[in-house]
Amino acid sequence: MPELAEVEFYRRRWSAGHGDRVRAVRVHAGKPLFRQCDPARLVRGLTGATLLGSEAAAKQMLFRFSGGGWLGLHLGMSGELRVEAPAYAPARHDHLILVQRARQLVFSDPRMFGAVRWHQGPRPPEWWTRLPPPIRSAAFTPAAVGAFLQRRRRAPLKAVLLQQERFPGIGNWMADEVLWRAGLHPRRAAGGLTPAEVRRLHRACRTVCRQALAVIAGAGGRLPPDLNAHIPRSWLFWHRWEDGGRCPRTGVPLVRETIGGRTTCWSPGRQRPS
DNA sequence: CCAATTGTTATTTA
DNA sequence: ATAAATAACAATTG
């Protein structure tokens with residue numbers, strides 16, 4: 001499930017453990033989740049360390065520990081972070097648990113497309129510092145979007161929006177939401193947009209990211225009880241999987257089809273193929 | 001049994 | 001050689 005805003009939502013859950021020491025680590029070593037790290041070193045580094053802080057960017061999270069330890073998490077397709085009571089008994093898909101005095105920080109991922117990384121050193125790891133500039137940053141300009149679209153000019157817009165090197169954090173539902181807001185058909189060739197359409201796409205990316213973060217991860221106040229609790233009914237989000245779902249703006253029946261290898265939903269009329 | 005799933009990457013095709 | 005499409009990864013559900 002997790003895209004930009006969901007990742008931030010889950011990171012903030014674990015921030016309940018900031019400032020507390022990790023007394024023990026439970027890990028399903030040998031699972032593909034740990035292919036990018038050495039589970040033995042992970043456990044050795046985490047045990048006894050204090051969780052000092054954390055950040056999320058794109059679909060990545062980075063947790064900082066005392067002693068120069070950095071824990072990287074990616075939630076893949078089905079990952080989630082939870083906070084459980086000290087007495088909680090681990091379930092089958094709880095592949096990494098940081099046990100603290102007052103709680104357990106649980107990383108659960110049934111499909112195991114996620115990843116766990118461990119880095120030891122004074123500075124954050126290379127993979128983190130080299131992430132592309134966020135969509136909400138000043139570096140995400142219409143010119144940068146336009147240049148990227150030109151390089152992928154024959155690919156459908158939907159496929160291009162899913163490329164993390166230019167649209168970090170965008171996933172399947174956010175891509176559909178962006179194209180719907182911009183009024184662009186997902187099958188349009190990336191290189192065929194007018195300058196005005198590129199600007200619309202750029203603006204829709206920023207708007208969707210900003211609003212999704214506010215609504216899903218909480219603007220500044222407290223975390224919503226549930227991921228989707230505050231997503232407005234006026235978003236495509238709620239209608240894209242419904243059978244007989246209708247465009248919340250035009251009332252026209254929505255269409256679903258595979259584009260760029262992923263199930264894609266759009267509103268005919270509002271998003272024209274040429 | 002077949003199909004589907006909010007992600008990424010290796011491999012194949014054009 | 002490059003870019004686009006496809007398969008594969010694993011688990012679960014309809």
Side-chain angles (χ1 to χ4, degrees), chain A residues 1-11 28-37 56-61 72-81 91-96 107-117 127-128 130-132 135 147-181 186-192 205 208-209 211-213 215-217 224 226-231 235-243 245 254 256-266:
Chain A
M1 315 186 330
E3 303 178 19
L4 182 81
E6 287 99 347
V7 171
E8 172 63 8
F9 172 91
Y10 288 125
R11 179 197 71 81
H28 291 169
K31 296 289 189 186
L33 285 170
F34 300 97
R35 64 195 173 277
Q36 313 212 36
C37 72
K59 296 174 189 171
Q60 308 280 348
M61 288 172 285
L73 295 183
H74 189 289
L75 298 174
M77 192 87 100
S78 58
E80 64 170 17
L81 302 188
R92 181 147 82 102
H93 300 300
D94 298 341
H95 301 299
L96 176 67
F107 171 33
S108 173
D109 183 7
R111 287 172 74 181
M112 295 188 290
F113 289 170
V116 178
R117 311 201 226 205
W127 63 262
W128 174 262
R130 294 177 81 93
L131 287 174
I135 289 172
F148 191 75
L149 295 183
Q150 269 317 307
R151 221 176 324 137
R152 311 276 186 211
R153 69 186 76 106
R154 310 198 57 139
L157 279 177
K158 173 62 182 277
V160 175
L161 271 175
L162 291 174
Q163 307 211 349
Q164 300 298 296
E165 54 188 294
R166 179 47 69 194
F167 302 98
I170 299 288
N172 204 28
W173 79 257
M174 287 184 83
D176 284 359
E177 196 79 35
V178 164
L179 291 170
W180 175 71
R181 292 214 191 193
R187 217 184 273 286
R188 291 272 304 274
C205 285
V208 168
C209 285
Q211 294 185 359
L213 280 164
V215 145
I216 294 171
D226 170 69
L227 270 175
N228 305 334
H230 297 151
I231 299 180
W235 288 25
L236 181 65
F237 179 90
W238 289 110
H239 312 276
R240 44 179 277 117
W241 289 122
E242 282 178 353
D243 270 337
L254 294 166
R256 279 198 302 262
E257 212 174 291
T258 298
I259 301 177
R262 310 298 302 279
T263 298
T264 299
C265 178
W266 75 92

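Proteins get letters first, then strands, A, B, ... in listed order; numbering begins at 1 in each.
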Margin query: Does C/dT12 have its OP1 or OP2 closer than 4.0 Å to a side-chain nitrogen or oxygen of A/His93?
Written below: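 So the side-chain polar atoms of A/His93 do come within 4.0 Å of the phosphate oxygens OP1 or OP2 of C/dT12, strictly under.
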Item checked: Chi angles and distances behind the side chain to side chain contact (heavy atoms under 4.5 Å, CB included) call for A/Thr264, A/Leu179 -> CA-CA 10 Å; A/Thr264 299; A/Leu179 291 170; 5.8 Å; no
Next item on the list: Could you check whether the rings of A/Trp173 and A/Trp235 sit parallel, tilted or perpendicular, using 30° and 60° as the cut-offs?
Entry: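 Tilted, since the angle between the ring planes falls between 30° and 60°.
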If you define the side chain from C-beta out and look only at heavy atoms, does anything of [X] sit under 4.5 Å from [Y]?
X: A/Pro2; Y: A/His74; result: no
X: A/Ile216; Y: A/Pro224; result: no
X: A/Asp109; Y: A/His95; result: yes

Taking the same atom, [atom1], in [N] and in [M], what whole-Å distance lies between them?
N: B/dT11; M: C/dA10; atom1: P; answer: 15 Å
N: B/dT5; M: C/dA4; atom1: P; answer: 23 Å
N: C/dT6; M: B/dA3; atom1: P; answer: 16 Å
N: B/dC2; M: C/dA7; atom1: P; answer: 16 Å

Checklist line | Sugar-phosphate only, base, or nothing, as touched by A/Arg92 at under 4.0 Å among non-hydrogen atoms | finding: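 Sugar-phosphate, no base atom in range.
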Check: List DNA chain B stems (3 or more consecutive Watson-Crick/G-U pairs, under 3.5 Å)?
Finding: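 Stem list for DNA chain B: B:2-5 with C:11-14, B:7-14 with C:2-9.
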Round to a whole Å and report the spacing from [atom1] of [X] to [atom2] of [N].
X: A/Leu157; N: C/dA3; atom1: CG; atom2: C1'; answer: 16 Å
X: A/Trp241; N: B/dA3; atom1: CH2; atom2: P; answer: 17 Å
X: A/Asp109; N: B/dT5; atom1: CG; atom2: P; answer: 18 Å
X: A/Asp243; N: C/dG14; atom1: CG; atom2: C1'; answer: 12 Å

Margin query: For nucleotides 7-14 of chain B, give me one character per nucleotide, 5' to 3': B if any protein heavy atom sits under 4.0 Å from the base, S if the only such contacts are to the sugar-phosphate, - if neither.
Written below: BS------
Checklist line | Of A/Glu6, A/Met61, A/Arg11, A/Glu3, the residue whose pairing with A/Leu75 passes side chain to side chain contact (heavy atoms under 4.5 Å, CB included) | finding: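 Only one of A/Glu6, A/Met61, A/Arg11, A/Glu3 forms a side chain to side chain contact (heavy atoms under 4.5 Å, CB included) with A/Leu75, namely A/Met61.
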Item checked: Name of the residue among A/Lys158, A/Arg181, A/Arg262 meeting salt bridge (charged side-chain N to carboxylate O under 4.0 Å, His left out) with A/Asp176 ->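 Single salt bridge (charged side-chain N to carboxylate O under 4.0 Å, His left out) partner of A/Asp176 among A/Lys158, A/Arg181, A/Arg262: A/Lys158.
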Can you tabulate the close N/O pairs, meaning under 3.5 Å, that link protein atoms to atoms of nucleotides 4-6 of chain C?
unit_1, atom_1, unit_2, atom_2, d
C/dA4, OP1, A/Arg152, O, 3.4
C/dA4, OP1, A/Arg154, N, 3.1
C/dA4, OP1, A/Ala155, N, 3.3

Next item on the list: Please assess A/Leu73 against A/Tyr10 for the test side chain to side chain contact (heavy atoms under 4.5 Å, CB included), listing each intermediate value before the final yes or no.
Entry: CA-CA 11 Å; A/Leu73 295 183; A/Tyr10 288 125; over 6 Å; no
